[in-house]
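Below, all heavy atoms of this structure are taken into account, side chains as well, without hydrogens, waters or symmetry copies.
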Amino acid sequence: QVQLVESGGALVQPGESLRISCAASGFTVAYYAIGWFRQVPGKEREGISCLSSDNHYSYYRDFVKDRFTMFRDNGKNTVYLEMNNLKPEDTAVYYCAATSIAAMSCDLGSGQYDYWGQGTQVTVSS
């Protein structure tokens, strides 16, 4: 069974950091590019960042660049999103997704992603 499970979402204050996880089962994340997306009420899902299967390519949207970092632990078959200097506008449900298309590169075209997690809530508020 192929599955992605996000975890680690929490309520944090502005300026704090949080690491969320994307644990894969049924496939090997080392062979897939991984993307992170988020969605807030009243808005469409938006891409955040992606990381190629070999970790040699990454892409970050401007609004998270230099604050968010993706990395993977192939031994745990898990991908992480490290979020620093969180802002209230980062509040959203965060989803991870995996694609074998262009796995040595990546983009944030959501239609390319084969597998999606259920999401984890990140709330940034004072």
Tell me if a side-chain donor or acceptor on [X] pairs with a main-chain N or O of [Y] at a distance below 3.5 Å.
| X | Y | value |
| --- | --- | --- |
| Q1 | G26 | no |
| R45 | R38 | no |
| D90 | K87 | yes |
| E6 | I20 | no |
| R72 | V29 | yes |

Side chains of [X] and [Y], heavy atoms from C-beta outward: is any pair under 4.5 Å?
| X | Y | result |
| --- | --- | --- |
| T91 | V40 | no |
| S125 | L11 | yes |
| F71 | V79 | no |
| F68 | I48 | yes |
| M83 | V64 | no |

Sequence neighbours excluded, which residues qualify as side chain to side chain contact (heavy atoms under 4.5 Å, CB included) partners of K76? D73, T78, Y80
For S58, which residues count as a side chain to side chain contact (heavy atoms under 4.5 Å, CB included) partner, sequence neighbours excluded? L51, Y60
Minimum heavy-atom separation for [X] to [Y], with atom names?
| X | Y | value |
| --- | --- | --- |
| L81 | S49 | CD1-OG, 3.9 Å |
| G8 | T120 | N-OG1, 4.0 Å |
| L4 | A24 | CD2-CB, 3.6 Å |
| S25 | N77 | N-ND2, 4.3 Å |
| E46 | R61 | CB-NH1, 4.4 Å |

Using the test side-chain hydrogen bond (donor to acceptor under 3.5 Å, both in side chains), find all partners of [X] that sit at least two apart in sequence or belong to another chain.
| X | result |
| --- | --- |
| T99 | none |
| D107 | Q112 |
| D66 | none |
| Q39 | none |

Parallel, tilted or perpendicular for Y95 and W116, by the 30°/60° rule? perpendicular
Among pairs that include at least one residue of residues 59-104, which meet disulfide (SG to SG under 2.5 Å), considering only residues two or more places apart or in two chains? C22-C96
Give me each pair satisfying disulfide (SG to SG under 2.5 Å) with a member in residues 34-93, each pair once, sequence neighbours excluded. C50-C106
Suppose we screen for ring-ring contact (aromatic ring centres under 6.0 Å, His included). Which residues come up paired with Y94, at least two apart in sequence or across chains? none
Could I get the full list of ring-ring contact (aromatic ring centres under 6.0 Å, His included) partners for Y57, not counting sequence neighbours? none
With a 6.0 Å cut-off (strictly less than), is the heavy-atom count around CD of E44, excluding the residue itself, greater than 12? no
Distance-only polar pair, side chains of T123 and Q121, donor-acceptor under 3.5 Å: yes
Is there a continuous path of hydrophobic side-chain contacts, each under 4.5 Å between heavy atoms, that joins W36 to L108? no
Within one Ile-Leu-Val-Met-Phe-Trp-Tyr cluster: M104 and Y113, side-chain cutoff 4.5 Å: no
Mind jotting down which residue pairs meet the side chain to side chain donor-acceptor pair (under 3.5 Å) criterion with at least one end in residues 14-23? Sequence neighbours excluded, please. S17-N84, R19-E82
Any pair with a residue in residues 3-31 that passes ring-ring contact (aromatic ring centres under 6.0 Å, His included), sequence neighbours left out, goes on the list, sorted by first then second residue, please. F27-Y32, F27-Y115
